[in-house]
**Student:** 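My questions all concern the structure below.
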Amino acid sequence: MTKEVIVRFPPSPTGYLHIGGARTAIFNWLFAQKTGGKLILRIEDTDVERSTEESIDGIIESLKWLGITWDEGPYFQSHFIKEHQAAAQKLLESGHAYKCFCTKETLDIKREEALKKKGSLHYDGTCRNLTPEEVSAKEAEGIPYTIRLKVPRVEGSVCFKDIVYGFIEKKYEDIDDFVIVRSNGQPLYILSNTVDDIRDRITHVLRGQDGLVNTPKQILLYKALGAPIPEFAHMSLTLDPQKAKISKRTHGELVAVHFYREHGFLPWALVNFLVRLGWSTPDSRDIFTKEELIEAFSLEGVNRANSVFNVNKNDPKFFTDPKALSINSHYIRNIPVEELEPYVRAELEKAGIWNPEFESARRDWYLATIDLIRSRYHVTTEFATLGRAYFSDEYQIEEKALEKNILKHDGLKNWFSILADRLESIESFSIEETENVIRDMAEELDIKAGILINGIRAAVTGQTVGPGLFDILIAIGQKRVVERLRKAVSFFD
RNA sequence: GUCCCCAUCGUCUAGCCUGGUCCAGGACACCGGCCUUUCACGCCGGCAACAGGGGUUCAAAUCCCCUUGGGGACGCCA
């Protein structure tokens with residue numbers, strides 16, 4: 001009988017959700033989905049100084065946006081402080097922990113000295129062997145104390161098999177008598193986290209590789225507490241191009257999940273990109289639907305080497321990792337238009353050019369237009385910027401379009417008027433008819449059709465690039481095309 | 001400084017466990033071509049890597065050791 005898998009994602013609410021955290025959440029979520037297990041969301045808010053309500057909301061919102069679903073929670077670590085303290089008390093009573101009366105100041109001094117002597121930074125164990133009398137005496141004096149775990153001081157080591165890193169061994173002598181309760185009575189992360197994982201019956205701890213060194217300590221806690229030890233799987237870290245761990249502090253918004261939302265990423269595209277950072281299948285496949293990903297997911301595909309989130313600030317062409325952008329544009333041009341539409345709508349609303357008719361009378365037109373222009377876009381925001389002329393009559397003519405495709409040909413001043421008249425008189429405004437009119441006119445004038453075609457494109461969309469002109473004309477519509485052409489004559493003034 | 005982890009194209013990676021099929025495969029980016037009224041899409045092609053050195057072996061990207069490089073941790077943060 002294999003027991004049900006229970007994993008957890010335990011963010012600390014000290015800021016927005018960043019892509020490293022999101023990646024951890026995604027792996028946990030995928031593992032739960034894959035195994036039919038449960039994912040618990042636990043907010044580790046025991047650092048009262050830095051935890052904020054705003055951050056909690058932001059993290060939850062980002063998770064929801066990404067499409068990560070959890071089965072239990074959010075639980076709040078701060079609600080269980082009594083339990084953590086009780087565990088510490090139990091450890092004290094069972095002799096697994098001891099009270100340490102050293103002050104922070106003396107410890108700091110000792111640490112500095114150790115640093116100078118280039119030795120180990122571990123606690124020297126001053127209070128480890130205090131007699132019960134000495135302890136009582138210090139307590140009677142009212143000296144505040146921390147509680148430290150008593151790490152075995154014999155030959156030996158803590159061993160465990162990490163699912164991704166394999167066999168890991170850590171000698172007792174390399175493990176510090178770490179503090180589990182502060183002198184003000186507040187339990188520390190290492191204790192709270194372990195106690196919570198025990199209570200929540202966590203079977204697999206999937207976290208970043210930065211938690212690898214904590215694992216032996218936590219295993220010691222599990223043992224001292226008499227609890228079953230879960231499986232551990234550590235994942236490689238995400239680094240920046242300078243190979244430094246990505247962080248909110250040094251990278252700011254660029255690594256925030258909400259930044260990608262605001263910059264036109266489809267949530268699934270971000271998930272898809274993030275999951276491929278440090279994880280792969282034997283065929284190096286890049287694109288997965290949600291179902292395919294869950295099906296393909298395996299902890300065995302997790303890479304032990306850290307990966308680089310290839311984002312270069314100030315890159316004129318890519319505002320983020322080019323691969324992330326390419327995956328996003330892949331989805332933009334390949335998912336069913338109906339699925340893409342809500343994101344386009346959000347952008348149009350944000351730009352103030354949403355028209356309610358797009359979801360009623362003109363819905364077919366709206367969907368067809370999205371479909372017509374989407375292959376050129378990398379982010380959804382572009383529907384409202386580069387695609388503005390399709391949805392709104394107020395759009396800018398790009399300088400380049402004006403120069404190169406309009407002003408360069410003086411004749412266009414007259415031709416636009418004639419073209420407007422002729423296009424206006426077409427009875428069935430179709431691709432074939434418009435093309436006939438325009439090509440006939442080019443022939444009549446004995447000029448290359450491209451001059452007319454590019455000129456018209458510039459006039460009606462404001463751009464030098466875009467779909468085939470005749471498709472554009474149908475998308476913009478007869479009336480608006482005629483209006484725009486007549487208006488374009490004034491560019492020559 | 002101490003402890004731990006890691007090392008294949010610029011980036012994400014396959015291959016490594018179970019040596020030979022790998023003068024190393026895919027993707028992104030880049031370059032060229034086709035398509036074409038422009039741009040994009042699409043298609044075709046190109047550039048580009050086993051960190052270095054020792055072993056082991058008939059044979060090593062694959063196994064072992066060392067060096068170098070990178071990362072992480074070393075907190076009364078989480």
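Below, chains carry the letters A, B, ... as their sequence lines are ordered, and counting in each starts from 1.
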**Student:** Base, sugar-phosphate, or nothing for Gln77(A), non-hydrogen atoms under 4.0 angstrom?
**Tutor:** sugar-phosphate
**Student:** Arg376(A) CZ to U36(B) C1': how many Å, rounded?
**Tutor:** 12 Å
**Student:** Are Arg199(A) and Glu83(A) ion-paired here, with the side-chain N under 4.0 Å from a carboxylate O?
**Tutor:** yes
**Student:** Any idea which of C5(B), C28(B), C77(B) is nearest the Ser326(A) side chain?
**Tutor:** C28(B)
**Student:** My understanding is that a pair needs two contacts under 3.5 Å, Watson-Crick or G-U wobble. By that rule, which nucleotide pairs with G69(B)?
**Tutor:** C6(B)
**Student:** Report yes if a side-chain nitrogen or oxygen of Arg182(A) is closer than 4.0 Å to either non-bridging phosphate oxygen (OP1 or OP2) of C77(B); otherwise report no.
**Tutor:** yes
**Student:** Is the closest basic N to carboxylate O distance between Arg374(A) and Asp371(A) below 4.0 Å?
**Tutor:** yes
**Student:** Any strand is fair game: report the nucleotide pairing with G45(B) by Watson-Crick or G-U wobble, both distances under 3.5 Å, or none.
**Tutor:** C31(B)
**Student:** Atom CD1 of Ile175(A) and atom P of C74(B): how far apart are they, to the nearest Å?
**Tutor:** 14 Å
**Student:** Using whole Å, report how far CD of Gln463(A) lies from P of U38(B).
**Tutor:** 16 Å
**Student:** Should the pair Glu139(A)-Lys99(A) be classified as a salt bridge under the 4.0 Å nitrogen-to-oxygen rule?
**Tutor:** yes
**Student:** Do the ring centers of Phe27(A) and Phe297(A) come within less than 6.0 Å of each other?
**Tutor:** yes
**Student:** Which one is paired to U36(B), where only Watson-Crick or G-U wobble pairs with both distances under 3.5 angstrom count?
**Tutor:** none
**Student:** Take the protein atom CG of Asn328(A) and the nucleotide atom P of A29(B), then report the distance between them rounded to whole Å.
**Tutor:** 13 Å
**Student:** Would you call Glu292(A)-Arg285(A) a salt bridge at under 4.0 Å N-O?
**Tutor:** yes
**Student:** Any base atoms under 4.0 Å from Ser375(A), or only sugar-phosphate, or nothing? Heavy atoms, all strands.
**Tutor:** base
**Student:** In terms of side-chain heavy atoms of Thr46(A), which of U38(B), C6(B), A78(B) is nearest?
**Tutor:** A78(B)
**Student:** Could you check which nucleotide pairs with C74(B) in any of the strands shown, counting Watson-Crick or G-U wobble with both distances under 3.5 Å?
**Tutor:** G1(B)
**Student:** Counting primed atoms plus P, OP1 and OP2 as sugar-phosphate and everything else as base, spell out the protein contacts along nucleotides 11-21 of chain B at 4.0 Å heavy-atom distance: B, S or - for each nucleotide, 5' to 3'.
**Tutor:** SBSS-------
**Student:** Are Arg42(A) and Asp197(A) close enough for a salt bridge, meaning some N to O gap below 4.0 Å?
**Tutor:** yes
**Student:** Is the NZ or CZ atom of Arg148(A) positioned over Tyr123(A)'s six-membered ring, under 6.0 angstrom from the centre and within 45° of the axis?
**Tutor:** yes
**Student:** Indicate, with a heavy-atom threshold strictly under 4.0 Å, whether Pro241(A) touches base, sugar-phosphate, or nothing.
**Tutor:** nothing
**Student:** Counting any heavy atom closer than 4.0 Å, what does Gly468(A) reach on the DNA or RNA strands: base, sugar-phosphate only, or nothing?
**Tutor:** base
**Student:** May I ask which nucleotide in the shown strands pairs with A60(B), Watson-Crick or G-U wobble, both distances under 3.5 Å?
**Tutor:** none
**Student:** With distance as the sole criterion, do the side chain of Arg50(A) and the base of C77(B) form a donor-acceptor contact below 3.5 Å?
**Tutor:** yes
**Student:** Could you state the CG-C1' distance from Leu239(A) to C6(B), rounded to the nearest angstrom?
**Tutor:** 11 Å
**Student:** Between atom CD in Gln85(A) and atom P in C76(B), what is the gap in whole Å?
**Tutor:** 18 Å
**Student:** Leu237(A) has a side chain; which of C6(B), C76(B), G71(B) sits nearest to it?
**Tutor:** G71(B)
**Student:** In terms of side-chain heavy atoms of Lys317(A), which of C30(B), C76(B), A78(B) is nearest?
**Tutor:** C30(B)
**Student:** Please state whether the rings of Phe273(A) and Phe309(A) are parallel, tilted or perpendicular, taking 30° and 60° as the class boundaries.
**Tutor:** tilted
**Student:** Out of A78(B), U38(B), C30(B), which has the shortest distance to the side chain of Phe318(A)?
**Tutor:** C30(B)
**Student:** Using whole Å, what does the distance between atom P of nucleotide U38(B) and atom CD of Glu398(A) come to?
**Tutor:** 17 Å
**Student:** Ignoring hydrogens and angles, does a donor from either the side chain of Ser183(A) or the base of C76(B) sit under 3.5 Å from an acceptor on the other?
**Tutor:** yes
**Student:** Let me know the distance between CD1 of Ile474(A) and C1' of U37(B), rounded to the nearest Å.
**Tutor:** 15 Å
**Student:** Distances under 3.5 Å only, N/O to N/O: pair up the protein atoms with those of nucleotides 42-44 of chain B.
**Tutor:**
residue	atom	partner	partner atom	Å
G42(B)	OP1	Arg333(A)	NH2	3.3

**Student:** Quick test of your reading of the model: are Arg8(A) and Glu44(A) salt-bridged, counting only N-O distances below 4.0 Å?
**Tutor:** no
**Student:** Please determine, for the side chain of Asp174(A), which listed nucleotide (C3(B), U38(B), C5(B)) has the closest atom?
**Tutor:** C3(B)
**Student:** Within less than 4.0 Å of OP1 or OP2 of A73(B), is there a side-chain N or O belonging to Lys245(A)?
**Tutor:** yes
